[in-house]
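Remember, it's a predicted structure, so these values are computed and weren't measured experimentally. Hydrogens, waters and symmetry mates play no part in the numbers below; they use all other heavy atoms, side chains included.
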Amino acid sequence: MSHRKLGRASAPRKALFRSLLSALFTHDRIETTETRAKELRKFADKVVTLAKAGDLSSRRRAIVMVGDKKAVHKVFEEASTKFASRNSGYTRIYKLNPRRGDAAPMALIELVKDDAQASKPETETKSE
């Protein structure tokens with residue numbers, strides 16, 4: 001599997017992605033550089049797939065990837081309802097304006113909201 005090195009050795013890179021994953025699952029969206037967001041998407045989708053499985057082994061593997069038990073618990077609680085209709089594509093990336101200090105391309109990465117829940121209130125109001 002090819003991956004971006006982001007100018008870091010393997011241990012600092014893993015620590016960076018652990019903190020980004022923890023922040024993403026805690027806050028549901030984070031603002032970071034475009035390359036970090038694109039690389040983070042791979043890890044986030046893997047953790048959500050583990051959360052959909054929901055067994056103890058998957059939870060332990062997710063804790064190793066994320067490093068924050070509270071964030072993993074939140075994902076495991078929400079994944080079965082939030083992403084039930086999806087097989088992949090659990091994150092969305094929006095490009096933002098460049099960062100002011102160094103003009104680095106910025107992006108907003110967020111967890112996708114469930115389309116079925118978003119359309120339910122609309123169908124209920126139409127039927128009334």
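- For R18 (side chain) and V64 (main-chain N/O), a donor-acceptor pair under 3.5 Å exists by modelled atom type.
- Inter-residue side-chain proximity for R4 and K38 is flagged as met; some heavy-atom pair is nearer than 4.5 Å.
- Considering CD of E39 and NZ of K5, their distance stands at 12.0 Å, rounded to 0.5 Å.
- The shortest heavy-atom contact between L21 and F43 is CD1-CB, 3.8 Å.
- Atom CG of residue D45 and atom CG of residue N87 lie 11.5 Å apart, to the nearest 0.5 angstrom.
- Minimum heavy-atom separation, G89 to V112: O-CG2, 3.7 Å.
- When all heavy atoms are compared, the tightest approach of A44 to T91 is CB-CG2, 3.9 Å.
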Quiz: residues 95-111 side-chain donor-acceptor pairs under 3.5 angstrom, not counting sequence neighbours:
{"unit_1": "R99", "atom_1": "NE", "unit_2": "D102", "atom_2": "OD1", "d": "3.0"}
{"unit_1": "R99", "atom_1": "NH2", "unit_2": "D102", "atom_2": "OD2", "d": "3.1"}
{"unit_1": "D102", "atom_1": "OD1", "unit_2": "A104", "atom_2": "N", "d": "3.2"}
{"unit_1": "E110", "atom_1": "OE1", "unit_2": "R29", "atom_2": "NE", "d": "3.3"}
{"unit_1": "E110", "atom_1": "OE1", "unit_2": "R29", "atom_2": "NH2", "d": "2.5"}
{"unit_1": "E110", "atom_1": "OE2", "unit_2": "Y94", "atom_2": "OH", "d": "3.4"}

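- The structure places CZ of R41 at 10.5 Å from OG of S88, a figure rounded to the nearest 0.5 Å.
- Distance check, rounded to the nearest 0.5 Å: OG of S19 to CG of L24 gives 11.0 Å.
- A donor-acceptor pair under 3.5 Å is formed between the side chain of T26 and the backbone N or O of S22.
- A donor-acceptor pair is defined here as one N or O able to donate and one able to accept, closer than 3.5 Å; such a pair exists between the side chain of K52 and the backbone of R86.
- Between M65 and K46, the shortest heavy-atom contact is CE-CB, 4.0 Å.
- Residues meeting the salt bridge (charged side-chain N to carboxylate O under 4.0 Å, His left out) test with K74, sequence neighbours left out: D28.
- Y90 meets the ring-ring contact (aromatic ring centres under 6.0 Å, His included) test with F83; sequence neighbours excluded.
- Between the CD atom of E77 and the NZ atom of K82 there is a distance of 13.0 Å, given to the nearest 0.5 Å.
- A distance-only check finds a donor-acceptor pair linking the side chain of R8 to the backbone of L6 [under 3.5 Å].
- None of V72, I30, V48 except one satisfies the side-chain contact (heavy atoms from CB on, under 4.5 Å) rule with F25; the exception is V48.
- When the shell of 6.0 Å around CZ of R61 is examined, it contains 12 or fewer heavy atoms from other residues, nucleotides or ligands.
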